[in-house]
There are 2 protein chains.
Amino acid sequence: MTHSPQKPSLKKLRPPQRDAQATQEKILEAAEREFSRHGLKGARIGEIAQNSGVTTAMIYYYFQSKEGLYKAVLERPALEVQEIMSGLNLDQKPPIEALKAFIEAAIAYEAKHPHRGMLWFQEANQNGGEYFKLNKGSWSGIFAYINAILERGMADGSFRQLDPLVTIVQILGICIFYFNIHENWKHFMPDYDRLSPEAVNKHTQEAIDLILNGVKASKI
Amino acid sequence: MTHSPQKPSLKKLRPPQRDAQATQEKILEAAEREFSRHGLKGARIGEIAQNSGVTTAMIYYYFQSKEGLYKAVLERPALEVQEIMSGLNLDQKPPIEALKAFIEAAIAYEAKHPHRGMLWFQEANQNGGEYFKLNKGSWSGIFAYINAILERGMADGSFRQLDPLVTIVQILGICIFYFNIHENWKHFMPDYDRLSPEAVNKHTQEAIDLILNGVKASKI
DNA sequence: GTCTATAATACGATAGAC
DNA sequence: GTCTATCGTATTATAGAC
């Protein structure tokens with residue numbers, strides 16, 4: 001669009017028009033959105049190309065195939081979540097504090113990536129989790145991390161006796177479902193922005209109240 | 001396939017090979033599965049035709065267009081859930097009993113239609129809920145019905161003070177999310193059938209414990 | 001009411017120039 | 001590294017016979 005004088009005076013003084021990494025990032029970003037909307041089969045390479053400002057040929061150049069791009073898209077969040085979780089140091093906090101911190105982090109993450117959850121739903125429903133399984137290692141680590149909090153809480157008497165495997169899924173459901181159904185649910189309350197910071201904060205507080213009251217050992 | 005003698009002796013003595021209603025049912029059944037997998041855009045008419053044992057021409061004959069079929073598919077569950085809900089007579093039970101009955105019914109429904117939830121996610125993510133909105137009336141009624149339980153519980157002191165609009169979504173998340181992520185989650189526990197009656201019963205009991213403890217007024 | 005055949009288009013992937 | 005052009009196939013929807 002702009003006149004960029006091609007002076008080759010100094011190498012890398014300004015970002016070159018040919019930036020392999022930047023191009024891949026742009027593609028991944030657009031692909032994540034497209035795959036979250038339509039899944040592997042339904043996603044359109046042309047749409048990804050258009051939304052990332054590249055040609056379809058570039059996508060094949062970097063990712064070989066639609067499937068290769070899909071795998072790359074699924075890998076990013078797995079690594080990212082792993083990093084966030086280990087930064088929380090949940091194993092060094094009392095169970096109640098740790099669980100509270102986890103809830104806040106989970107909701108904050110979903111609020112930041114409100115469409116990312118659909119990636120996993122699409123994957124589950126279209127492919128039976130066969131591609132999800134490729135990052136099973138990452139997710140298992142996170143899974144075990146939360147499990148440890150619940151086990152620890154039961155052991156020290158701060159939580160009631162519960163089934164941690166089922167409860168983890170239910171806790172995630174509380175935190176995440178809110179965002180997954182947003183586009184339908186918003187029609188019930190057209191004047192209320194469910195994704196505003198205030199609304200998300202409300203959701204967070206209610207989730208903490210519901211979950212902590214739900215898992216705490218009875219005080220009687 | 002079989003030799004069916006075309007004796008026109010008595011009309012309608014046995015079900016005719018040309019059964020308009022039965023054909024439509026078969027189409028709707030296969031369409032629900034296909035749309036839940038791929039959404040409106042990604043669904044393939046040919047796939048629906050093959051899985052329902054009819055030709056694509058028949059689908060257009062009965063439903064005019066892919067969009068028309070989609071609308072018909074989305075309408076069925078809305079009416080069905082409405083009927084189930086009104087059969088529970090929740091307004092005649094004490095809030096705690098009513099909420100318990102709702103949780104059991106919600107989970108039983110999801111267990112019976114484990115893929116149906118994906119219909120709404122696809123609709124939310126692909127179409128922004130524009131087709132969901134067409135049945136807004138049905139869903140609003142159900143929504144108000146549960147809201148009334150929570151309001152009643154807060155009024156009579158059996159529930160703590162909570163935000164019913166947010167809490168309803170969170171309760172649904174607990175009940176439903178379990179099924180939505182099943183195809184991914186099963187890879188964490190390959191030897192455990194999460195959809196077996198025993199497993200679903202476990203989920204139900206844990207959900208009741210979590211939710212009722214979560215919303216009940218503190219006993220201190 | 002149900003079928004076969006087909007028109008019109010859209011898509012995934014590649015070849016080859018620059 | 002990036003583009004344009006294109007091949008082969010799959011898909012929606014319709015026409016017309018039975």
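Within every chain, numbering begins at 1; the chains are lettered A, B, ... in the order of the sequence lines, protein sequences first and strands thereafter.
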Participant: Side chain of B:Tyr62 only, heavy atoms from C-beta on: which candidate in D:dT12, C:dT14, C:dG1 is closest?
Facilitator: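 Per side-chain heavy atoms of B:Tyr62, the pick is C:dG1.
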Participant: For B:Glu34, is there an ion pair with B:Arg44 - N to carboxylate O distance below 4.0 angstrom?
Facilitator: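 Answer for the salt bridge query: no.
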Participant: Using heavy atoms to find the nearest nucleotide of DNA chain C for A:Gly46 and B:Tyr61 separately, return the residue whose nucleotide is more 5′.
Facilitator: B:Tyr61
Participant: Could you state the atom-to-atom distance from CD1 of A:Ile45 to P of C:dT14 in whole Å?
Facilitator: 11 Å
Participant: Per the ring-ring contact (aromatic ring centres under 6.0 Å, His included) rule, which among B:Phe132, B:Phe143, B:Phe121, B:Trp139 passes with A:Trp185?
Facilitator: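 Considering B:Phe132, B:Phe143, B:Phe121, B:Trp139, a ring-ring contact (aromatic ring centres under 6.0 Å, His included) with A:Trp185 is found only for B:Phe143.
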Participant: Looking only at side-chain atoms of B:Lys66, point me to the closest of D:dA13, C:dA13, C:dT4.
Facilitator: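 The answer is D:dA13, which lies nearest to the side chain.
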Participant: B:Ala20 near the nucleic acid: base, sugar-phosphate alone, or nothing, with a heavy-atom cut-off under 4.0 Å?
Facilitator: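 Answer is sugar-phosphate: B:Ala20 comes under 4.0 Å of backbone atoms only.
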Participant: Rounded to the nearest 0.5 Å, what separates atom NE2 in A:His113 from atom CG in A:Leu119?
Facilitator: 11.0 Å
Participant: Rounded to the nearest angstrom, tell me the gap between atom CD1 in A:Ile59 and atom P in C:dT14.
Facilitator: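 These atoms are roughly 13 Å apart.
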Participant: Rounded to the nearest angstrom, tell me the gap between atom CD in B:Gln21 and atom C1' in C:dT2.
Facilitator: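 Value for this atom pair: 18 Å.
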Participant: For the NZ atom on A:Lys100, are there more than 12 heavy atoms of other groups (residues, nucleotides or ligands in this structure) within a distance under 6.0 Å?
Facilitator: no
Participant: Determine the sole option in A:Ile146, A:Asn147, A:Ile149 for which the side chain to side chain contact (heavy atoms under 4.5 Å, CB included) test with A:Pro164 is passed.
Facilitator: A:Asn147
Participant: A:Met58 has a side chain; which of D:dA15, C:dG1, D:dG1 sits nearest to it?
Facilitator: D:dG1
Participant: Which whole-number value in Å describes the distance from B:Gln50 CD to C:dT4 P?
Facilitator: 13 Å
Participant: How would you label the contact of B:Ala22 with the nucleic acid (heavy atoms, under 4.0 Å): base, sugar-phosphate, or nothing?
Facilitator: nothing
Participant: In whole angstrom, give the distance that lies between atom CZ of B:Phe63 and atom P of D:dT14.
Facilitator: 16 Å
Participant: Quickly work out the B:Leu40 CG to D:dT12 P distance and round it to whole Å.
Facilitator: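 Result: 11 Å.
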Participant: Does a side-chain N or O of B:Thr55 approach OP1 or OP2 of C:dT2 to a distance below 4.0 Å, or not?
Facilitator: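 For C:dT2, OP1/OP2 do not have a side-chain N/O of B:Thr55 under 4.0 Å.
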Participant: Counting side-chain heavy atoms from C-beta on, which of C:dA15, C:dC3, D:dT14 comes nearest to A:Ala57?
Facilitator: C:dA15
Participant: For the side chain of A:Thr23, starting at C-beta, report the closest nucleotide among C:dT4, C:dG1, D:dT2.
Facilitator: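 Shortest atom-to-atom distance from the side chain points to D:dT2.
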Participant: At under 4.0 Å between heavy atoms, what does A:Ala49 touch on the DNA or RNA strands: base, sugar-phosphate, or nothing?
Facilitator: nothing
Participant: Over how many whole Å does the gap from A:Tyr60 atom OH to D:dA5 atom P extend?
Facilitator: 19 Å
Participant: What is the distance, to the nearest angstrom, from the NZ atom on B:Lys41 to the P atom on C:dC11?
Facilitator: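 Rounded to whole Å, this separation is 7 Å.
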Participant: Can you tell which of D:dG1, D:dT12, C:dG12 lies closest to the side chain of A:Arg44?
Facilitator: C:dG12
